[in-house]
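Just so it is clear: chains get the letters A, B, ... in the order the sequence lines come, proteins before strands, and each one is counted from 1. The basis for the numbers below is simple: all heavy atoms, side chains too, and nothing from hydrogens, waters or symmetry mates. No experiment lies behind these values; they were computed from the predicted model shown.
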Protein chains: 2
Amino acid sequence: MTRTRQAVLALLQRTRQPVSANEIFDQLQQEKVAIDLVTVYRTMHVLKELGLVLQLDLHQEGLSRYELKEGREHHHHIRCQICGLIVDLLLCPLKKVTKLIEQQTQFIVDDHTLEFTGLCPQCQ
Amino acid sequence: MTRTRQAVLALLQRTRQPVSANEIFDQLQQEKVAIDLVTVYRTMHVLKELGLVLQLDLHQEGLSRYELKEGREHHHHIRCQICGLIVDLLLCPLKKVTKLIEQQTQFIVDDHTLEFTGLCPQCQ
DNA sequence: ATGGTATTTGCAATAGACTTGCAACAATGA
DNA sequence: TCATTGTTGCAAGTCTATTGCAAATACCAT
Ligand SMILES: [Mn+2]
Ligand SMILES: [Mn+2]
Ligand SMILES: [Zn+2]
Ligand SMILES: [Zn+2]
């Protein structure tokens with residue numbers, strides 16, 4: 001756990017939203033923390049390996065975001081199409097559906113992704 | 001509807017799987033149809049606008065695939081992690097869940113993406 | 001502390017999907 | 001036929017992310 005990695009972790013802690021590598025880079029620049037964008041990517045890789053961080057690849061965004069794992073279980077997200085707000089959905093409604101799909105397709109299902117988009121309360 | 005666009009449409013018709021721009025390009029090359037990769041991208045854009053083609057951005061693939069819309073309604077997909085087989089799921093299990101999420105988050109939901117991965121019957 | 005090893009970092013270059021500018025070409029139609 | 005419009009190919013560019021490599025840093029046994 002180097003100084004640099006501490007800085008990234010600290011940023012994730014004080015950030016409520018999932019952040020992209022570029023956002024981490026820009027934010028740390030502003031805070032006068034010298035860090036290369038490549039190092040951000042490599043740091044995120046390490047933090048994922050350590051199980052401290054989750055990587056989110058939301059649909060249509062064309063980049064990855066990261067959030068602290070903390071105690072978070074498997075969950076999904078909803079994103080506002082106007083302001084980009086991302087909110088955790090704590091339920092996963094797909095357990096029964098998974099069994100149905102296994103029957104219908106003869107696949108063995110081992111993962112899924114689910115994401116909603118819409119308008120947040122502010123943007124309506 | 002130019003010769004080139006006809007060739008792309010014909011390829012989509014005889015292809016069972018959703019195909020990427022590069023796959024369309026390679027396949028047409030093999031069939032001695034002269035076409036530029038840029039033209040493939042622009043053609044897919046046009047065919048989408050015309051409502052003839054659906055664009056799929058499956059999770060973790062890092063590229064777009066295209067399938068004929070034909071009569072297809074809103075639907076989802078399951079992909080085999082070994083061989084890449086993609087199968088249509090004809091059900092959408094999210095209508096009730098959407099209402100629940102609107103209540104919980106105060107968002108107005110207007111779209112969602114859902115995708116399963118697993119092992120197809122051949123690869124188990 | 002000191003020296004030696006392993007890890008981490010920055011910079012430059014690269015990869016890969018996709019887009020854009022522009023000029024040549026083809027189709028359309030008065 | 002000529003002018004206007006739409007389509008294509010090539011080159012170059014964008015954007016996120018990765019890789020090679022050498023310099024800097026951290027770590028550890030002496
Ligand atoms: Mn989350
Ligand atoms: Mn489909
Ligand atoms: Zn789930
Ligand atoms: Zn659906």
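Grouped by direct or indirect side-chain proximity (heavy atoms under 4.5 Å, Ile/Leu/Val/Met/Phe/Trp/Tyr only), B:Leu90 sits alone. Taking Ile, Leu, Val, Met, Phe, Trp and Tyr as hydrophobic and joining them when side-chain heavy atoms fall under 4.5 Å apart, one finds A:Ile86 in a cluster with A:Leu54, A:Leu56, A:Leu58. A:Leu63 belongs to no multi-residue hydrophobic cluster, having no ILVMFWY side-chain contact under 4.5 Å with any other such residue. Hydrophobic side-chain contacts under 4.5 Å tie A:Leu37 into a cluster, directly or through other members, with A:Met1, A:Val8, A:Leu9, A:Leu11, A:Leu12, A:Val19, A:Ile24, A:Phe25, A:Leu28, A:Val33, A:Ile35, A:Val40, A:Tyr41, A:Met44, A:Val46, A:Leu47, A:Leu50, A:Leu52, A:Val53, A:Tyr66, A:Leu68.
Legend: salt bridge (Lys or Arg N to Asp or Glu O under 4.0 Å) pairs involving residues 39-51 of chain B, not counting sequence neighbours: none detected. Applying the salt bridge (Lys or Arg N to Asp or Glu O under 4.0 Å) rule to pairs touching residues 88-115 of chain A yields A:Arg72-A:Asp88, A:Arg79-A:Glu115, sequence neighbours excluded. Each salt bridge (Lys or Arg N to Asp or Glu O under 4.0 Å) pair with one or both residues in residues 1-14 of chain A, not counting sequence neighbours, appears once here: A:Arg14-A:Glu31.
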Distances for protein N or O near nucleotides 8-11 of chain D N or O, under 3.5 Å:
| residue | atom | partner | partner atom | Å |
| --- | --- | --- | --- | --- |
| D:dT8 | OP1 | B:Thr2 | OG1 | 2.8 |
| D:dT8 | OP1 | B:Thr4 | OG1 | 3.2 |
| D:dG9 | OP2 | B:Asp36 | N | 2.9 |
| D:dG9 | OP2 | B:Thr39 | OG1 | 2.4 |
| D:dG9 | N7 | B:Arg42 | NH2 | 2.9 |
| D:dG9 | O6 | B:Arg42 | NH2 | 2.7 |

Collect all protein-nucleotide pairs involving nucleotides 22-24 of chain D in which both atoms are nitrogen or oxygen and the distance is under 3.5 Å.
none

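Rounded to whole Å, atom P of D:dT7 lies 12 Å from atom NE2 of B:His45. Across the protein-nucleic acid pair, B:Leu63 atom CG and D:dT16 atom P stand 18 Å apart, rounded to whole Å. If you take CE of A:Met1 and C1' of D:dT25, they are 16 Å apart, rounded to a whole angstrom. As a whole-Å value, the separation of A:Gln6 CD from C:dT8 P is 13 Å. In this entry the distance linking CG of B:Asp57 with P of C:dG16 reads 19 Å, nearest Å. Here the C1' atom of nucleotide C:dG16 and the CD atom of B:Gln60 are 16 Å apart, to the nearest Å. When rounded to the nearest whole Å, the span between CZ of A:Arg65 and C1' of D:dT16 equals 13 Å. As rounded to whole Å, 11 Å separates atom P of D:dA17 from atom CE of A:Met44.
For B:Phe107, there are no ring-ring contact (aromatic ring centres under 6.0 Å, His included) partners at least two apart in sequence or on another chain. Partners of A:His112 by side chain to side chain donor-acceptor pair (under 3.5 Å), not counting sequence neighbours, listed by chain and number: A:His74, A:His76.
With hydrogens and angles disregarded, a donor-acceptor distance shorter than 3.5 Å links the side chain of B:Gln124 to the backbone of A:Gln106.
For the contact set between residues 18-33 of chain B and DNA chain D, defined by any heavy atom under 4.0 Å, there are no members.
Residue B:Tyr41 has a polar side-chain atom (N or O) positioned under 4.0 Å from OP1 or OP2 of C:dC18.
When hydrophobic clusters are built by joining Ile, Leu, Val, Met, Phe, Trp and Tyr residues whose side-chain heavy atoms come closer than 4.5 Å, directly or via intermediates, B:Leu94 is grouped together with B:Leu100.
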